[in-house]
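So that the names make sense, note that chain A is the first sequence line, chain B the second, and so on, each numbered from 1.
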Protein chains: 2
Amino acid sequence: MDTNELEASYFDERLYVKNVAVDNVIFGYHDRELKVLLQRPNFQLKWTVAGGYVRKTESIEEAAHNIAFLRTGLKNLFLEQFKSFGSPSRTKDDWQAIKKAFENAGMKSPPDSWILDYSVSIAFYTLTDFSLVTVQKGPFDEALDWWPVTQLPPMMFDHAYIIEEALKALRRDIYHYPIGYELLPRKFTLPEIHSLYETILGKTLDNRNFTRKLMSSGIIKKLDETRNIGAHRSPYLYKFEKKKYDAALKNGIFLGF
Amino acid sequence: MDTNELEASYFDERLYVKNVAVDNVIFGYHDRELKVLLQRPNFQLKWTVAGGYVRKTESIEEAAHNIAFLRTGLKNLFLEQFKSFGSPSRTKDDWQAIKKAFENAGMKSPPDSWILDYSVSIAFYTLTDFSLVTVQKGPFDEALDWWPVTQLPPMMFDHAYIIEEALKALRRDIYHYPIGYELLPRKFTLPEIHSLYETILGKTLDNRNFTRKLMSSGIIKKLDETRNIGAHRSPYLYKFEKKKYDAALKNGIFLGF
DNA sequence: ATATATTCTGTCATTTTGACGAAATAAATT
DNA sequence: AATTTATTTCGTCAAAATGACAGAATATAT
């Protein structure tokens, strides 16, 4: 099935689970900023998190992976479910706006039964190496772009809140999982991973103490290469130790920065 | 609306959200064991977690509180959402069994559209002071009882897995929240809270080091009373410091046992 | 050669941890 | 009334982890 076909069959109650949406907060890291991939539906001014529906033949995790794949072109990304959202009228108003806009444009809009009924969102966050992503708009979207989590555009539904909660979950998980592995390119420098942790945790970390702790965990390894950064001392490159990383994912690790 | 009326209206698609269930793993602590409150539906041999559906007029959190209230008689319990579950046929087989049993008994059974369609469970865990609970069976249940998490009976659906995941979440959260407050009576002894932590974490903790750490957090306070435990030295009673506790809930606390 | 900006390495006092043993106490037993 | 038993409670010490801090090395531009 072609990508557009796939999404175009949304709202077919025979294929998709009604009342249940999956939202996926896709994080990337670039220019010392944590960014999130957002889409803006046709004719709309406000943005949404990457989202979609669940086919009756798949699990919610598969649906979330699929959403990530549709927008980034990447499979098997690191993906964590962090919370579900459901309350009367959390989506109603903005759905009505979308419906109206579609109708004004002479386009087919989602059926009322999907819009006016109760809507539960199961939310995941996804971590990805920014540099590997090639963004791909969906058939109902006018725009798809990375936004810094510190400067989000106006958001539809409760999606600003969903991103807040995703950040909370990420900040909690960063203590238990070596999250840098997912957000950084395969080879990276100490200042890069240092800045990543500062960005996610929103606080400054003493570089010497940070390095000491990270190295003592044994999860990253110094390479024999350096990166040229222009008029400055060239930082060494590092990479994650896959074995240690897998163990850390499985058993948890404690990184108390 | 009366309690039984409330639950009896399940499966009315005008009132309840289709495809979405809420399951609530209700934990209590008694006799040095962590227990979970389970129900056994009519004519069934296997048990389920406390569960129910979401009214279209309420949030999923309200639904979860309501389920806890129906089974324990208690309101405003400590309740955390930890994960949602959704995959094809996670509930189908056992639902068919229930349907058949209801029909054999000449009772009205849930409509096929609710049974055969996709089912998402939003799962919460609830912590409660065992001694305050008065268990209340639901209208479709033959039994409702506390079971030690270490010796569960045969479970329906994927509920054994759901309980496992609830335990994981609890073990994760115990490091960030002073969970003892919810599971213990207002006044308790050091050996009691010590044993609670050992039980939840599933490992022995040196009593002297445990006490040192717990006291240094300032979250509990020694009282001037002791409890008589028969032929042994009488342990002092302690209570949680409400202010410290509230701050810990809000900002998190770190208790690395 | 010098200036500038950034990376990298090391020390020290303080705090926290983990592993122990021994004294105190309430009731039952002799 | 002394002793035994089971439990609670208090204290010490060496090792490890933490937090605060300063200075040397290096890549290029001037």
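Each of A:Tyr29, A:Phe27, A:Phe130 was checked for a ring-ring contact (aromatic ring centres under 6.0 Å, His included) with A:Trp146, and the lone residue meeting it is A:Phe130.
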What protein N or O atoms touch nucleotides 2-4 of chain D N or O atoms at under 3.5 angstrom, if any, and at what distances?
none

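Atom CZ in A:Phe254 sits about 14 Å away from atom P in C:dT16, given to the nearest Å. Note: CD1 (A:Ile193) to P (C:dT7) measures 14 Å, nearest angstrom.
Neither side chain, B:Arg90 nor A:Ser59, offers a donor N or O lying under 3.5 Å from an acceptor on the other.
The residues B:Glu198 and B:Lys203 are annotated as not salt-bridged, no charged nitrogen and carboxylate oxygen being separated by less than 4.0 angstrom. The pair B:Lys243-B:Glu241 does not meet the salt-bridge criterion, since no charged nitrogen lies less than 4.0 angstrom from a carboxylate oxygen. In summary, A:Lys250 and A:Asp246 do not engage in a salt bridge, as defined by a charged side-chain N under 4.0 Å from a carboxylate O.
Taking a 4.0 Å limit (strictly below) on heavy-atom distances, residues 205-221 of chain B reaches DNA chain C at B:Asp206, B:Arg208, B:Asn209, B:Arg212, B:Lys213. Heavy-atom distances under 4.0 Å link DNA chain D to A:Asn228, A:Gly230, A:Ala231, A:His232, A:Arg233 of residues 223-233 of chain A, given in residue order.
Taking the six-membered ring where tryptophan is involved, the planes of B:Phe78 and B:Tyr125 are tilted, since the angle between them lies from 30° to 60°. Relative orientation of the A:Phe240 and A:Tyr245 rings is perpendicular, given thresholds of 30° and 60° on the angle between their planes.
For A:Asn228 (side chain) and A:Gly230 (main-chain N/O), a donor-acceptor pair under 3.5 Å exists by modelled atom type. Between the side chain of B:Arg171 and the backbone N or O of B:Ile200 there is at least one donor-acceptor pair closer than 3.5 Å. Distance alone, capped at 3.5 Å, is enough to place a donor-acceptor pair between the A:Asn251 side chain and the A:Ala247 backbone.
OP1 or OP2 of D:dC10 sits under 4.0 Å from a side-chain N or O of B:Lys222.
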